[in-house]
Novice: 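Mind looking over this structure? Questions follow.
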Amino acid sequence: MRKDDVREWRELVDPAESAGHDPPVPLGQNESLSDLWSPEEELGASHHATDLGQALLDAGAITATQLDTARTVASRSPGKALLDIFYEMGVDEPALQAVVASIAGFDFERIKTANDIDLKLVNRLTPNFCKDNGVMPLRMAGNRLVLGITHPDNLLLIDEIRHNLGLAIKPVVVCRNDIATVIASLREEESAGESVNVDEIIGGIQEDDVEVVQTKEEELDLERMAGESPVIRYVNYLIFNAVKEGASDIHVEPQEKKLQIRYRIDGILFTMMNPPQSMQAAIISRLKIMANLDIAERRLPQDGRIRAMVHGRKLDLRVSTLPTPHGEKVVMRILDTRSIQVPLEQLGMHEDALLIWKHQIEQPHGIILVTGPTGSGKTTTLYASLAKMDRDQLNISTVEDPVEYHLNGITQCQTHDRIGMTFASALRALLRQDPDVIMVGEIRDAETARIAIQASLTGHLVLSTLHTNDAPSSITRLINIGIEPYLLGAAVNGVLAQRLVRRICNNCKEQVPPDPKWADHLAMHGIAVDNVWVGKGCEKCRNSGYSGRLGLYEILVLDDHLRDKISSNPSVTEFRRICIEHGMVTLREDGFKKVAQGQTTVDEVLRVTESSI
């Protein structure tokens, strides 16, 4: 090798080491290095091919048969690197790259986690560039960048990176699988405990990283935009912050001139941020990519699921998209196992109501219904009830749509209407599985209701939900969908109606004279107090005065008298009046008991309940 060529190659790779050292010989190089040398030109019978193949054989990384096969493929595939051929043949990559590094005279390193890379320089090159070209900035060693590279003979690529970053380069050989794994972790995993400055992220996107070009919609490279690092970090922040704030849902809502982000916290929506409208396409595309949805389809609703690690625990996010005139709206329901694992005693039931409910779930057969609107805590109550049962001695099975939380010791089945796996068909199958307790996610039609009733009359305990306003309405609702009244009277043991109200913040809780507009309501429910508890608002509760939620409950237990009344098919109003006369505590009455105890406010009770008169 001529000295001038040696010096030229040395300065290209690392100017700091250009004097006083003999350079390593690049892979595939012959006796001289021309100005425009390309390693692919001589792969077929090159010295590099012989050295790499023989070195791998000597190291025990490949067999003689594999070497012959690779040489045959190389001879028939002009321009294809022997290194890539061995990789495609499934040769162990760490062993392969270690030999490559030895031949090139470079060090070999493994990239295990994101802590092994220089994230700032990765963002400057962009993760897509690093993955596509098989490079990864690792760290600074003095004024030189230690650059991981999978093809150390690609001098043009090294020179391009040196020029773009303005840094001297010290190459080391790494594995392409390690690069792909680290980039995937940057894109898909949440960084638990990382503090994200939203303004800084937005500013970075506006200035350099994300540019939304005003052009035809078909020409927007949404996947590329969604893969840019600032967009990834921003979407990660949305999810990370929502979990931190205790939100149950995240709403990404396109408006005419802005993008609105809202969190549902304690049942109420709060506007959290308004990122620039220029971020709309990238943010929504990023969410769709994470949920494995079709980013090109923007005219039809789509549903998906994201599995993430946030704050050190695994979460599922149920994603729903909906086309609107200003773009796609995305709503994410945060499914947190910790939020669902609430003991029955901590749901907010009064002691007498709790004893009644525990007695109901201990019955050997019959139907128990939990009713209320979406988001009223029905699933939490059912799961807490199942947790009280003996899962070692009982065969407990559920039919759900979808299975949002996985419970140990319980058989859970998910419906799929498109393939005929409905609640009714799944329930029929479960009845052949020798069940003791069956939980049906929801009774939606007469067929499911009939099978559930038959199951309860043949010795099974059935728990299910309905969407009605109160407990007595559940009976009339089942009659209206076609169930015979005499069957309901025989099968149904009890109905629990519930609502969720916000709990007064303990940090800013104080007593004040009651508002005059509340006087009639307090007097009507026998509450004579000079002061009532309210939350004045603080940082911990976002100045709302509320933190957390508790349940209001209305329990209807059917006795012989009520069963006889059901057989006569009474109206909703008449049956509700009879239930109250028999001592049923209504939702509003239960709410005002909690007002008297200082747990919630009159406003909250009036917001979620209706008068029973």
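What you are looking at is a predicted structure, and each value in this text was computed from that prediction instead of being measured. Throughout, numbering of the chain's residues begins at 1 and tracks the sequence.
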Novice: Is a side-chain donor or acceptor of Glu297 paired with a backbone partner of Arg299 at a separation under 3.5 angstrom?
Specialist: yes
Novice: May I ask you to decide if Gly134's main-chain N or O and Thr150's side chain share a donor-acceptor pair within less than 3.5 Å?
Specialist: yes
Novice: Can you name the nearest heavy-atom pair linking Trp357 to Leu369, along with the distance?
Specialist: CH2-O, 4.5 Å
Novice: With rounding to the nearest 0.5 Å, note down the distance linking OG1 in Thr321 to NZ in Lys329.
Specialist: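 Between Thr321 OG1 and Lys329 NZ, I get 12.0 Å after rounding to 0.5 Å.
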Novice: Between Arg162 and Asp159, is the closest basic N to carboxylate O distance under 4.0 Å?
Specialist: yes
Novice: Is the backbone N or O of Asp294 less than 3.5 Å from a side-chain atom of Gln302, with the two atoms forming a donor-acceptor pair by type?
Specialist: yes
Novice: At what distance, to the nearest 0.5 angstrom, does CZ of Arg176 lie from CD of Glu93?
Specialist: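 Nearest 0.5 Å value for the CZ-CD distance: 6.0 Å.
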Novice: I need the Leu315 CG to Ile239 CD1 distance, nearest 0.5 Å.
Specialist: 9.5 Å
Novice: What verdict does the side chain to side chain contact (heavy atoms under 4.5 Å, CB included) test give for Thr601 and Ile504, after you've listed the backbone C-alpha separation in whole Å, the side-chain angles of each residue and the deciding distance to 0.1 Å?
Specialist: CA-CA 7 Å; Thr601 63; Ile504 299 173; 3.8 Å; yes
Novice: Give a yes or no on whether the backbone of Thr586 and the side-chain of Glu589 come within a donor-acceptor separation of less than 3.5 Å.
Specialist: yes
Novice: Can you give me the closest heavy-atom contact between Pro137 and Leu125, atom names plus distance?
Specialist: CG-CD1, 3.6 Å
Novice: Can you check side chain to side chain contact (heavy atoms under 4.5 Å, CB included) on Met273 and Tyr263, steps first, answer last?
Specialist: CA-CA 10 Å; Met273 58 196 78; Tyr263 293 166; 4.1 Å; yes
Novice: Do Glu442 and Thr465 have side chains that get closer than 4.5 Å, going by heavy atoms?
Specialist: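 Sidechains of Thr465 and Glu442: in contact.
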Novice: Looking at every non-hydrogen atom in both residues, tell me the closest pair between Gly372 and His467 and how far apart they are.
Specialist: O-ND1, 3.3 Å
Novice: Check this for me: does any side-chain nitrogen of one of Arg305 and Asp316 sit under 4.0 Å from a carboxylate oxygen of the other?
Specialist: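 Yes, this pair counts.
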Novice: Side chain to side chain contact (heavy atoms under 4.5 Å, CB included) for Leu496 and Thr371? Distances and angles first, verdict last.
Specialist: CA-CA 6 Å; Leu496 174 69; Thr371 182; over 6 Å; no
Novice: Strictly distance-based, threshold 3.5 Å: is any side-chain N or O of Lys594 a donor or acceptor partner for the main-chain N or O of Val501?
Specialist: no
Novice: For the side chain of Asn123 and the backbone of Lys120, is there at least one donor-acceptor N/O pair under 3.5 Å apart?
Specialist: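 Judged by distance alone, no pair lies under 3.5 Å.
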Novice: So which of Arg110, Lys131, Lys112 actually passes salt bridge (charged side-chain N to carboxylate O under 4.0 Å, His left out) with Asp178?
Specialist: Arg110
Novice: Is Asn274 close to Ile261 at the side-chain level, that is, under 4.5 Å between some pair of heavy atoms?
Specialist: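 No, too far: nothing below the 4.5 Å cut-off.
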Novice: Return yes if some donor-acceptor pair links the side-chain N/O of Gln277 with the main-chain N/O of Glu256 below 3.5 Å, else return no.
Specialist: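 Pair found, side chain donor or acceptor close to backbone of Glu256.
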Novice: Atom CD1 in Ile284, atom CZ in Arg298: separation rounded to 0.5 Å?
Specialist: 10.0 Å
Novice: Taking all heavy atoms of Pro171 and all of Ile149, pick out the closest pair and write down the distance.
Specialist: CB-CG2, 4.2 Å
Novice: Can you tell me if CD on Gln597 sees more than 12 non-hydrogen neighbours from other groups inside 6.0 Å?
Specialist: yes
Novice: Apply the test side chain to side chain contact (heavy atoms under 4.5 Å, CB included) to residues Ile111 and Cys175: give CA-CA distance (whole Å), side-chain angles for both, the deciding distance (0.1 Å), then the verdict.
Specialist: CA-CA 8 Å; Ile111 307 173; Cys175 297; over 6 Å; no
Novice: With a 4.5 Å heavy-atom cut-off, do Arg588 and Leu606 have their side chains touching?
Specialist: yes
Novice: Could you tell me which non-hydrogen atom of Asn469 sits nearest to which non-hydrogen atom of Leu587, and how far apart they are?
Specialist: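 Scanning both residues, the minimum pair turns out to be O-CD1, 4.0 Å.
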Novice: Could you check if a side-chain atom of Phe129 sits within less than 4.5 angstrom of a side-chain atom of Val135, using non-hydrogen atoms only?
Specialist: yes
Novice: Is the shortest heavy-atom distance from the side chain of Val534 to the side chain of Glu510 under 4.5 Å?
Specialist: yes
Novice: Would you give the length of the straight line joining atom OG of Ser464 to atom NZ of Lys378, rounded to the nearest 0.5 angstrom?
Specialist: 10.5 Å
Novice: So which pairs with a foot in residues 536-548 pass salt bridge (charged side-chain N to carboxylate O under 4.0 Å, His left out), sequence neighbours left out?
Specialist: Glu245-Arg542
Novice: So that I can tick it off, tell me whether Lys388 and Glu345 are bridged by a salt bridge, with the cut-off set at under 4.0 angstrom between side-chain N and carboxylate O.
Specialist: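 Salt bridge between Glu345 and Lys388, a charged N being under 4.0 Å from a carboxylate O: yes.
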Novice: Could you tell me whether a side-chain N or O of Asp303 sits under 3.5 Å from a main-chain N or O of Ser320, the two making a donor and an acceptor?
Specialist: no
Novice: Please report the interatomic distance CD1(Ile265) to OH(Tyr546), rounded to the nearest 0.5 Å.
Specialist: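 So the CD1 of Ile265 and the OH of Tyr546 are separated by 15.0 Å.
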Novice: Where is the tightest heavy-atom contact between Gln280 and His326, given as atom of each residue plus distance?
Specialist: NE2-O, 2.8 Å
